[in-house]
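Working notes, structure below.
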Amino acid sequence: MDMPQGPDKNPPAGGRKPRNGDVLELRIENLAFGGQGVARHNGLVVMVRRGLPGDLVSARVVRRKKSLLEARVLDVLEESEHRVAPRCAHFEHCGGCSWQHLDYAQQLAWKERQVRDHLERLAGMPDPPVLPIMGMDEPWRYRNKMEYAFSQFTDERLKLGLHAVGRFDLVIDVDDCHLQPHVCNAIRNHVRDAGREAQWAPYHLRRHEGAMRHLVLRSAHGGAEVMAAFSTSDEPFPQAQEIAESLAAQFTEIKSVMHYVNTSLGGAAIQGRGRVLLGADRIVETILGLELEVSAESFMQTNTAQCERLYAELLDACEFTGQETVLDLYTGAGPIALLAARRAGRVVGIESVPAAVENALRNAERNSIANVEFVCAEVEKVLGEVAEKHHADTVLVDPPRMGLHKNALAALIAAAPRQIGYVSCNPSTLARDAMELCAAGYTLRSVRPVDMFPHTYHIECVARFTKD
């Protein structure tokens, strides 16, 4: 009787291409931007989830492409000298972190290397001016915002946690996220326990039924002030006021509880109509001496300590006379614009989210800064007109991960400011935009990586360009 065969291990050169389910023995050689280890097998690149350079692993093929395989580690046969025990019990399955098993000094080294590599390969710069990366002294409990999703176990017990690696439909029930302050973990667990007792029905992304979608926690001053924002579908949430009062009674840090009704079919956490359940509709954070009001909807860097270093690096890299006009693109709640206003003659910020512009205006008033104004519009649609009106000497940009919209980049080049300060959260799009700016006569003077997101592959950079 023939016995079923297990997956092939290391098919010989010239044999068939590995299939899904095959188990390969691989030596990890590199780290890709995206956090995966990189190995090679019979001329094929293999991207290995949770693999580290120096590891010898047994890995199962989970996806096959034309010239690329994706695999998942089954067993580490020989450990990299830089492999460490992850602190979080959820690390193997949770999508929140990708590098907790990599020594932090090596995380920094790889991030700096990847910034340099992107500029060399994608922007064609043989020796890009990359400065040493700014890391954190204590790279834990740093996140001031986290979006937790509601779901349920097979026995219908409520889950409240983060999505599994590569999955939008699977939530890992989290007890302690080591990226958030302790108080935020306690608040999340309190909400989950109350929801289990009240038998809340989580929203199902495929069936579009159930009430509870997300719990968003924002904190300020290291957790001294916390906002809890509930996102639900349009199904009833009769316990909303009760849970708000329960949170306030249990946690003195709670300063705001919000409720948003989100009827979209997508996975966005905060969207739709919002109402205050308790306290104010915002909390206040301090950045480099600025008091900044932050709502659930407005953008703010999620690592306050490194945010201060990031903004200081941006402003120190640029040369201000005190008389110039500065444009701040994608201004959010206005932190960069308001900090720049302390050094420049006048600042104009552009932002497309009305709630963020409202925050920015209140922040200017709160900090008694009068030499700043804000335009509520999409940057790519109004930059040309705003630049022509104000004749800016300096333009500061902090675009989303996609980088500058092509129309915004064209308008920026046409405006020809003397210098550009560019905050990037994606070295690929930074390299793309740098190539365009340099082709238009700018010189990249410096790039400083800043580690805003320890234990993940994400990298923030500050770049300065000047017009030749």
Side-chain angles (χ1 to χ4, degrees), residues 287-288 290 292 298-301 310-354 356-361 363-364 367 369-400 402-425 429-430 433-434 436-438 440-446 461-468:
I287 302 289
L288 295 175
L290 279 179
L292 299 171
S298 58
F299 171 78
M300 180 69 71
Q301 292 284 356
L310 180 81
Y311 290 165
E313 180 70 19
L314 171 67
L315 298 174
D316 289 346
C318 295
E319 299 172 356
F320 295 98
T321 66
Q323 305 299 317
E324 65 273 271
T325 295
V326 176
L327 301 185
D328 178 31
L329 312 185
Y330 313 95
T331 195
I336 293 176
L338 297 173
L339 290 169
R342 293 175 166 178
R343 306 190 185 199
R346 183 151 192 83
V347 180
V348 180
I350 305 176
E351 170 59 48
S352 63
V353 178
V357 174
E358 291 176 12
N359 285 150
L361 290 168
N363 288 333
N367 292 276
I369 296 175
N371 60 330
V372 62
E373 64 181 273
F374 297 98
V375 177
C376 187
E378 294 180 359
V379 169
E380 59 269 22
K381 293 182 178 178
V382 302
L383 177 55
E385 177 184 345
V386 173
E388 185 176 355
K389 176 181 177 181
H390 292 281
H391 305 290
D393 171 86
T394 299
V395 176
L396 306 176
V397 304
D398 187 1
M402 67 185 69
L404 288 168
H405 187 283
K406 63 178 182 179
N407 294 340
L409 183 57
L412 177 58
I413 289 171
R418 177 179 62 88
Q419 62 178 346
I420 298 168
Y422 191 130
V423 177
S424 168
C425 60
T429 52
L430 171 63
D433 292 345
E436 295 292 331
L437 289 169
C438 291
Y442 282 90
T443 298
L444 178 59
R445 297 297 182 184
S446 63
C461 294
V462 175
R464 178 176 179 249
F465 299 85
T466 60
K467 186 73 171 176
D468 293 342

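The shortest distance between side-chain heavy atoms of Ile420 and Thr394 does not fall below 4.5 Å. When side chains are defined from C-beta on, Leu329 does not count as touching Pro399, because their heavy atoms never get closer than 4.5 Å. The closest side-chain heavy-atom distance from Thr325 to Val347 is not below 4.5 Å. Looking at heavy atoms from C-beta onward, Val353 lies out of side-chain contact with Phe299 at the 4.5 angstrom threshold. A heavy-atom distance below 4.5 Å is not found between the side chains of Asp398 and Cys425. Side-chain contact between Val462 and Tyr422 is absent, with no heavy atoms from C-beta onward closer than 4.5 Å. Taking 4.5 Å as the limit, every side-chain heavy atom of Gln419 sits out of range of all side-chain heavy atoms of Lys467. Between Val375 and Thr331, the closest side-chain pair of non-hydrogen atoms is not below 4.5 Å.
Residues in residues 405-418 take part in these side chain to side chain donor-acceptor pair (under 3.5 Å) pairs, two or more places apart or across chains: Asp393-Arg418. Sorted by first then second residue, the salt bridge (charged side-chain N to carboxylate O under 4.0 Å, His left out) pairs that include residues 322-343, not counting sequence neighbours, are Asp316-Arg343. A salt bridge (charged side-chain N to carboxylate O under 4.0 Å, His left out) check over residues 344-353, counting only residues at least two apart or in different chains, returns the pairs Arg346-Glu373.
With sequence neighbours left out, the side chain to side chain contact (heavy atoms under 4.5 Å, CB included) criterion links Glu378 to Ser352, Glu380, Lys381. Residues forming a salt bridge (charged side-chain N to carboxylate O under 4.0 Å, His left out) with Glu436 (at least two apart in sequence, or on another chain): none. Not counting sequence neighbours, the partners of Val386 by the side chain to side chain contact (heavy atoms under 4.5 Å, CB included) test are Leu327, Val348, Ile350, Val382, His390.
Between the side chains of Ser446 and Arg464, no donor-acceptor pair is found at a separation under 3.5 Å.
Scanning all heavy atoms of the two residues, the minimum distance from Pro335 to Leu292 falls at CB-CD1, 3.7 Å. Minimum interatomic distance between Leu430 and Ala463 (heavy atoms only, all atoms of both residues): CD1-CB, 4.1 Å.
Without hydrogens or angle criteria, Asn367 side chain to Leu290 main chain gives no donor-acceptor distance under 3.5 Å. Between the Thr321 side chain and the Gln323 main chain, a donor and an acceptor come within less than 3.5 Å of each other. Put simply, the side chain of Asn363 gets close to the backbone of Ala333: a donor and an acceptor are under 3.5 Å apart.
Distance check: Leu437 CG to Leu444 CG gives 9.0 Å after rounding to the nearest 0.5 Å. Note that SG of Cys461 is 10.5 Å distant from CD of Glu313, once rounded to the nearest 0.5 Å. With rounding to the nearest 0.5 angstrom, the CD1 atom of Ile336 is 7.5 Å from the CG atom of Leu315.
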